[in-house]
Amino acid sequence: MIALKYDIRLGAHMPIGKGFHVVPMETVEIGGNAFQIFPHNARQWKAKLPDKKVVVQFKRNMKKYNIDFEAALCHSGYLINLASPKEDTWRKSVNLLETEIKICAALGIRYLNMHPGSHAGKGIDKGIDLIVKGLDEVFKRTEDLDVMILLENVAPKGSAIGYNYDQIRRIIEASAHSERLGTTYDTCHGFDAGYDIRTPDGVRKLLDEIDKEIGLEKLKFIHVNDSKYPLGAAKDRHESIGLGHIGRDGFKNFFSFEEIRRVPWILETPGKNEEHAQDIKRILEILEEI
Ligand code: ZN
Ligand code: MN
Ligand code: MN
């Protein structure tokens, strides 16, 4: 079964400090063939489109380092909250999301991952309404762009929306552009929400839920993160692969599912490139045991 591991698309969240064009090379350096990046400084409201020169070099390096655009995605900034009841925050979120989509499109990246939002005490129904309204506004403004927004499942922490696929389905269903919405499954966040992927039954249940609610074809990426806390803890503290409560055997079980293997895997584990290279190594070791 070892040969199968070469079909896996695997990588990490990569730094953009040295420019987008450096990301494909660094991805290969850590042993990856897939990656995630922020389209701008994730802690700021401001963002600008990349220079033409950077775009040309980025695309050239995607080719040079043999990275499939289908295995690359952007992750939305931390300040964005489409469920915010504060009008100013909501409006700024819509504007920044629009810019992020334009950055993705400029780079040729087709997927933008985002956390659905936090309702800040106003309730899930109200939050979902605001998310749908915001997404539809963004889709209208970027009608001609081939970029999909992936709603990431989150930990059930505070007033976060999107910790199960019933909630994610409600957003997709209510959207006027559901064809431009998909999902990323985060293993740490899911574990926080009680999805126990350590057993075959647990993974089956998760896959069935995704399929029943939104259709498995909507699942575009996996965020592979171990969890520092036990099942259902809702802490959102990522751990290196195999060193947390999902553990090596848990991931071995999860990775054995064909539905999981056909989607690119992105690490958001502690540390930087060096630590992520170690995570990738551990994942390949686990895959060899399957
Ligand atoms: Zn995320
Ligand atoms: Mn994640
Ligand atoms: Mn997290």
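Atoms within a ligand are numbered from 1 in the order they appear, just like the ligands themselves. Numbering of residues begins at 1 and proceeds along the displayed sequence.
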Does the gap between the ring centers of [X] and [Y] come in under 6.0 Å?
X: W265; Y: F255; answer: yes
X: Y78; Y: F38; answer: yes
X: H238; Y: H189; answer: yes

Between K220, R110, R262, which is the residue that forms a salt bridge (charged side-chain N to carboxylate O under 4.0 Å, His left out) with E70?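 One option only clears the test, and that one is R110.
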Verify salt bridge (charged side-chain N to carboxylate O under 4.0 Å, His left out) between D51 and K53, making sure each step is shown before the conclusion. CA-CA 5 Å; D51 297 338; K53 247 171 92 180; over 6 Å; no
Only N/O/S atoms count here: what is the atom of D186 closest to the Mn ion (ligand 2) called?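 Checking each N, O and S atom of D186, the shortest distance to the Mn ion (ligand 2) belongs to OD2.
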Could you tell me which N, O or S atom of E152 is nearest to the Mn ion (ligand 2)?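 Within E152, restricted to N, O or S, the Mn ion (ligand 2) is closest to atom OE2.
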At less than 2.8 Å, would any N/O/S atom of H189, backbone or side chain, sit next to the Mn ion (ligand 3)?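 Given the 2.8 Å cut-off, H189 counts as a ligand of the Mn ion (ligand 3).
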Please name the atom of D236, restricted to N, O or S, that is closest to the Mn ion (ligand 3).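 Restricting D236 to its N, O and S atoms, the minimum distance to the Mn ion (ligand 3) goes to OD1.
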Looking at H238, which of its N, O or S atoms is the nearest one to the Mn ion (ligand 3)?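 So the atom name we want here is NE2.
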The Mn ion (ligand 2): angle it makes with ND1 (H223) and OE1 (E268), nearest 10 degrees: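 About 90° at the Mn ion (ligand 2).
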